[in-house]
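Values in this document were obtained by computation on a predicted structure and should not be read as measured data.
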Amino acid sequence: MSLTTAQILATIEDLVALAPRATGTPGGAAAAAYVEERFSRAGLTTEILEVPSFAWRAGECRVEVGEASDALTVPCSPILHSALPAHDWTGEVRHVVDAPVVDIGADRVGRHDVRGAIVLFDLTFDMTLAHTLPLTLFLHDPGRRVLRRDVLRSRNPYVTSLARTMRDAAAAGAVGVIGVLRDYPDSLGYHNEYYRRTLFRLPGAWVTRAGGARLRARLRRSPRATLTLGVERSEVVSRTVIGVLPGSDRPARADERAARSGDRSSRSDAVMIQSHHDSVGDGAVEDASGAAEVIALAEHYAAESRAGRPPRKTLLFTTFDTHFTGYQAHREFARRHVLSPDAPWRIVLNVTIEHIGLRAVEGVDGGFAGTGETEPRGIFLNVSPAFTARIAGLIRRHRLHATSILGSGLLEFFAGGIPTDASFTFVSGVPTVSLISGPLYLYDDADTIDRIDVAQLEPVARFFADVVDDADRRRGSLLGTLPAGVRRLLPRGRW
């Protein structure tokens with residue numbers, strides 16, 4: 001009963017009711033407690049992985065241009081995680097930057113003299129769906145939901161020009177940035193990620209396309225602006241939930257002693273099923289949908305085990321925190337449970353589920369308009385060719401339309417990861433099957449319950465149950481693109 005549309009949707013509604021589920025907030029703690037309670041009630045052994053992270057808040061954000069007697073105030077919202085002097089900085093600061101404005105549009109910072117200036121730039125969304133085609137090994141697209149010009153031109157909201165603009169502006173001596181959401185609907189609810197490798201040293205604010213036009217018109221008369229941003233950042237404790245369902249192929253006592261002594265070959269194989277429960281706003285698609293799928297699968301396999309049909313391999317069900325605050329929990333999990341010689345299991349496969357949502361475009365009113373279609377999605381994987389072929393068959397069987405298989409072996413070794421929540425176990429050497437999509441509203445307050453692709457909730461759950469069952473029947477050392485013995489010789493954990 002757990003893998004039904006009604007059950008999964010009810011779980012999504014429960015998680016959305018706890019929003020915002022941001023790391024270190026009451027909603028975030030409540031979401032972790034909710035997931036743990038569901039795991040525990042199903043009969044799993046549970047653990048909360050507590051890892052330090054950071055909560056960033058802006059108490060004040062204002063953009064003004066013109067003389068005080070005739071100043072124009074442009075509605076704005078803060079660029080999240082901006083005005084940080086260091087990655088581990090905590091404290092309070094209020095920036096009031098009065099400076100000339102250098103408007104670079106969508107150009108590169110390096111082509112302009114921005115020393116002592118506020119950089120005004122157009123945020124660009126740099127990755128279209130067409131960019132994934134060179135990685136595509138298989139595409140299930142009945143009815144041509146994907147291979148249409150308008151769909152292939154659509155852009156996801158997380159591969160952007162923000163990080164490089166922030167980095168280059170700070171290096172060139174700028175004192176602040178204002179980003180125009182030029183190619184985005186009329187919304188100030190855009191919540192950018194903390195990009196982890198790039199420190200946002202400068203204070204920054206977002207304005208809409210219309211706000212940017214008003215700002216630029218006034219700047220032609222008075223080329224100075226005042227950017228005010230008040231920031232508070234504190235260290236908080238993140239809570240990642242781990243539920244364990246033991247498999248029937250557990251080591252004998254002698255093997256258990258060997259495992260405790262550090263013999264990795266004697267440890268039981270485990271399959272990891274993952275998403276994240278944190279969010280900035282309602283986070284219905286990002287990622288109550290994925291967390292609800294993980295809970296549904298946990299309850300499904302726990303029921304199977306109680307009925308006398310336990311999995312052979314241990315199953316780990318995990319919903320992560322820190323997706324929006326630096327991935328500290330993901331890194332710590334990889335250190336403890338993948339890279340450490342004392343890791344309790346040998347994780348032979350990771351399956352990650354994110355973003356079961358409907359496609360949206362900018363509407364005639366400037367907002368987000370639903371299309372009623374499934375958002376095109378990709379499955380990043382680095383498993384054996386035979387397993388890849390079986391997964392393609394399962395995509396067809398469960399009618400996961402608008403779904404492609406993206407080969408990610410080269411990304412593992414040359415790009416330092418994949419753009420999904422699975423990236424840290426992936427680069428640590430774990431074979432991975434990771435579902436993700438990038439609807440336009442994903443980082444916006446518009447990610448509400450009506451964006452869920454309800455018709456696809458059960459097919460996705462049953463697809464992943466079949467993927468896990470397939471892996472459970474086979475030798476864990478042969479699931480990846482490389483034999484486990486060869487994979488262990490390669491550098492891991494490059495993050």
Side-chain angles (χ1 to χ4, degrees), residues 61-65 72-83 97 99-131 150 153-193 195 198 200-227 229 360-363 366-368 438-446:
C61 182
R62 189 164 60 254
V63 172
E64 298 172 298
V65 61
L72 170 68
T73 300
V74 180
C76 65
S77 62
I79 294 180
L80 271 60
H81 313 290
S82 64
V97 179
V101 176
V102 175
D103 185 355
I104 69 169
D107 202 1
R108 297 288 184 126
V109 171
R111 296 191 177 101
H112 304 265
D113 181 6
V114 300
R115 183 169 298 278
I118 296 171
V119 174
L120 178 64
F121 74 101
D122 291 327
L123 181 73
T124 59
F125 298 94
D126 295 340
M127 185 175 181
T128 67
L129 188 62
H131 283 99
D150 62 315
R153 287 177 174 174
S154 63
R155 299 173 184 269
N156 73 56
Y158 45 84
V159 181
T160 76
S161 60
L162 174 60
R164 73 166 180 266
T165 301
M166 274 283 196
R167 181 188 62 242
D168 294 349
V175 293
V177 299
I178 299 172
V180 180
L181 297 170
R182 184 196 65 184
D183 299 324
Y184 199 67
D186 184 20
S187 171
L188 285 173
Y190 178 72
H191 304 299
N192 57 276
E193 264 195 67
Y195 290 93
T198 301
F200 293 175
R201 296 182 183 276
L202 302 179
W206 296 120
V207 298
T208 64
R209 179 171 56 230
R214 293 175 63 204
L215 178 60
R216 282 170 165 142
R218 182 58 68 91
L219 286 169
R220 285 193 285 271
R221 291 164 45 190
S222 176
R224 294 183 69 88
T226 302
L227 168 62
L229 183 67
V361 296
E362 184 175 354
F368 294 90
L440 185 61
Y441 53 79
L442 196 65
Y443 283 5
D444 201 278
D445 290 336

Margin query: Can you confirm whether I118 sits close enough to V177 that some side-chain heavy atom of one is under 4.5 Å from a side-chain heavy atom of the other?
Written below: no
Check: Side chains of S187 and T208: closer than 4.5 Å at any heavy-atom pair?
Finding: no
Margin query: Can you confirm whether W206 sits close enough to I178 that some side-chain heavy atom of one is under 4.5 Å from a side-chain heavy atom of the other?
Written below: no
Notebook entry, point to check: What heavy-atom pair brings D122 and A106 nearest, and what distance separates the two atoms?
Noted result: OD2-N, 3.9 Å
Item checked: Chi angles and distances behind the side-chain contact (heavy atoms from CB on, under 4.5 Å) call for L181, V207 -> CA-CA 6 Å; L181 297 170; V207 298; over 6 Å; no
Note to self: Between P223 and V101, is there a side-chain heavy-atom distance shorter than 4.5 Å?
What the structure shows: no
Notebook entry, point to check: Do T198 and F200 have side chains that get closer than 4.5 Å, going by heavy atoms?
Noted result: yes
Next item on the list: First locate atom CG of L215, then atom CG of L120, and finally report the distance between them rounded to the nearest 0.5 Å.
Entry: 5.5 Å
Notebook entry, point to check: Between A360 and L440, what is the shortest heavy-atom contact and its length?
Noted result: O-CB, 4.0 Å
Check: Among pairs that include at least one residue of residues 99-108, which meet salt bridge (charged side-chain N to carboxylate O under 4.0 Å, His left out), considering only residues two or more places apart or in two chains?
Finding: D103-R216, D107-R111
Notebook entry, point to check: Is any side-chain heavy atom of L162 closer than 4.5 Å to a side-chain heavy atom of R167?
Noted result: no
Next item on the list: Show your working on side-chain contact (heavy atoms from CB on, under 4.5 Å) between V109 and I104 and close with a plain yes or no.
Entry: CA-CA 7 Å; V109 171; I104 69 169; 3.8 Å; yes
Next item on the list: Carefully, step by step, assess Y184 and D444 under the rule side-chain contact (heavy atoms from CB on, under 4.5 Å).
Entry: CA-CA 11 Å; Y184 199 67; D444 201 278; 2.7 Å; yes
Note to self: With a 4.5 Å cut-off on side-chain heavy atoms, are R62 and T73 touching?
What the structure shows: yes
Item checked: Between H191 and D445, a side-chain donor and acceptor under 3.5 Å -> yes
Item checked: Short N-O contact, R224 and E64, less than 4.0 angstrom -> no
Notebook entry, point to check: So S154 and T128, side-chain contact (heavy atoms from CB on, under 4.5 Å) or not? Walk me through it.
Noted result: CA-CA 5 Å; S154 63; T128 67; over 6 Å; no
Notebook entry, point to check: Heavy-atom distance under 4.5 Å between the side chains of L72 and R214, does that happen here?
Noted result: yes
Notebook entry, point to check: Who are the side chain to side chain contact (heavy atoms under 4.5 Å, CB included) partners of P157, not counting sequence neighbours?
Noted result: F125, Y190, L442
Next item on the list: Classify the angle between the aromatic ring planes of Y443 and Y158 as parallel (below 30°), tilted (30 to 60°) or perpendicular (above 60°).
Entry: tilted
Item checked: M166 to S82 - nearest heavy-atom pair and separation -> CE-CB, 3.8 Å
Next item on the list: Would you name the heavy atoms of N192 and H81 that are closest together and state the gap between them?
Entry: O-CD2, 4.1 Å
